[in-house]
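Protein chains get the first letters and strands the later ones, always in sequence-line order, with residue 1 at the start of each. Please read all numbers here as calculations on a predicted model, not as lab measurements.
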Number of protein chains: 2
Amino acid sequence: MSVAIENFVKAIYKNGKSKTNNTKPGNIAKVLNISSAAATDMAQKLAAKNVVIYEKYQPLKLTEKGNKMALSIVRKHRLWESLLFKLFDLSLHDIHKEAELLEHQTSDLLAEKISEYLGNPKFDPHGDPIPNADGEITTIDTSIPLSKAQEGKSYIISRLISSDKEFFDFCSANGLKYGNTVTISKQFISSKMTQISINNNTIVLNSDFTNIIYVNENN
Amino acid sequence: MSVAIENFVKAIYKNGKSKTNNTKPGNIAKVLNISSAAATDMAQKLAAKNVVIYEKYQPLKLTEKGNKMALSIVRKHRLWESLLFKLFDLSLHDIHKEAELLEHQTSDLLAEKISEYLGNPKFDPHGDPIPNADGEITTIDTSIPLSKAQEGKSYIISRLISSDKEFFDFCSANGLKYGNTVTISKQFISSKMTQISINNNTIVLNSDFTNIIYVNENN
DNA sequence: ATAAATTTTTAAGCTTACTTAAAAATAATT
DNA sequence: AATTATTTTTAAGTAAGCTTAAAAATTTAT
């Protein structure tokens, strides 16, 4: 399976999980930066390979085989992110970009070795769960976005759901990092802003950020 | 530049360095497992890009630009080999195969990070020199093949020039490893065999092996 | 030196992964 | 419900990187 196919399958998987949940060719095309025509074309080819279920004008779905493929790629991506994060001083954004390329050139054997070396981690540095070698995600995600966190309570950052450079630069500059503790000092309901305290600093985040920073209660 | 181009340029570089020194399209085609027609075609395309010097029926040569490209790929390959060798329990053959893929998906930034992490090594686990970030090989190779080593003398293994699985399996089973010490107990001139002593074992190697195992005098 | 063998090049054709433009279907709006 | 807007599909075409087959040049052998 080519890189183009792997990226296509991965995009269907990710779009299917996202809140918009739009897996129509046009939307897949948008995230992959290709034309809708190319996406429709690819969808039809992958249907013939029993990777995608394609019905005209309908959202694309992955077959069992397609799902396994997607999870294998996601696993490799997140293992690479974990390894690069551990070994090198690189921004989360850089790590993501490198992993995006390496994921397609990684044998199952190498993936196993990376996983083993890292102690079979269950989460990558963004807090995203790492599927196991069978393509299963065994952890359950109890985290909530900062926008829904309760005033006065303390939380632990569990996920940074983004691949945007500026966002990661901001996080890195302000201690917003997987595992760190934040306290919600105020929720500005009408303006959808959240004031938090982290590392003895007070910062106010708008909803663009509070919707992609996930936290778990700090018990 | 695509993977196909990178591999083509690398093949010209490597064939140019090898003792046969045959960089005609047919020979490049053979190592890349493509047809001669495809190789000629690629050579002409790369000439237009100022990467290769192409003259009909002549050996292919790299331009300055092509040479830089080749050394950059070789650098990334050898850095990957060094990193994988350090981190994971994988055979030299497996490491080579993985590096063969990863080398094409590695930014200059990541290469720098790998090099730095490893302490800017000058040699990979095969003993091959690692070009620096400017594409220069600063080390000088004083090593000789085992076939030319002197009876009674002791040597340190400096290079294993191969990518053959069986060869590496044999080496690994017999302690023939970069940095290890061997003593030449006998050179069988007419049959071109070499008897060596390593790790208190005596083994006899034919010329297929003694021509690709390189050593330095043990002073 | 010439004939035979080999290698290289050209030519035509294929697949993958795209593109743009137009046609067809779906979704949104009034 | 009909019109308009949007999205999806089809159709035709392109570039990269291959293939095989035949023609042209070079190399080898006699």
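- Listed in residue order, the members of residues 10-34 of chain A having a heavy atom less than 4.0 Å from DNA chain D are Lys24(A), Pro25(A), Gly26(A).
- Annotation: side chain to side chain donor-acceptor pair (under 3.5 Å) contacts involving residues 50-60 of chain A, sequence neighbours excluded, comprise Gln44(A)-Tyr54(A).
- Partners of Asn216(A) according to the side chain to side chain contact (heavy atoms under 4.5 Å, CB included) rule, which considers only residues two or more places apart in sequence or in another chain, are Thr142(A), Ser143(A), Ser158(A).
- Shown here are the side-chain hydrogen bond (donor to acceptor under 3.5 Å, both in side chains) partners of Ser107(A), two or more places apart in sequence or in another chain: Glu98(B).
- Qualifying ring-ring contact (aromatic ring centres under 6.0 Å, His included) partners for His93(A), counting only residues two or more places apart in sequence or in other chains: none.
- Between its two ends, the helix from dA1(C)-dT30(D) to dT30(C)-dA1(D) turns its axis by 10°, counting five pairs per end and rounding to 10 degrees.
- At the heavy-atom level, Ala37(A) lies under 4.0 Å from base atoms of the strands shown.
- Protein chain A contacts DNA chain C from dA17(C) to dA27(C), reading 5' to 3' and using non-hydrogen atoms of the protein with a distance under 4.0 Å.
- The ring-ring contact (aromatic ring centres under 6.0 Å, His included) search around Tyr117(B) returns Phe88(A), not counting sequence neighbours.
- A heavy atom closer than 4.0 Å to some atom of DNA chain C occurs in Tyr54(B), Lys56(B), Tyr57(B), these being the qualifying members of residues 52-60 of chain B.
- Here ring pair (Phe, Tyr, Trp, His ring centres under 6.0 Å) pairs that include residues 23-52 of chain B, with residues two or more places apart or in two chains, number zero.
- With sequence neighbours excluded, the residues satisfying ring-ring contact (aromatic ring centres under 6.0 Å, His included) with Phe170(A) are Phe209(A).
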Glu103(B)/Arg78(B) under salt bridge (Lys or Arg N to Asp or Glu O under 4.0 Å): CA gap, chis, key distance, verdict: CA-CA 9 Å; Glu103(B) 65 187 12; Arg78(B) 292 179 181 170; over 6 Å; no

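- Regarding Glu6(B), its CD atom lies at a distance of 15 Å from the C1' atom of dA16(D), rounded to whole Å.
- Here Tyr178(A) pairs with nothing under the ring-ring contact (aromatic ring centres under 6.0 Å, His included) rule; sequence neighbours left out.
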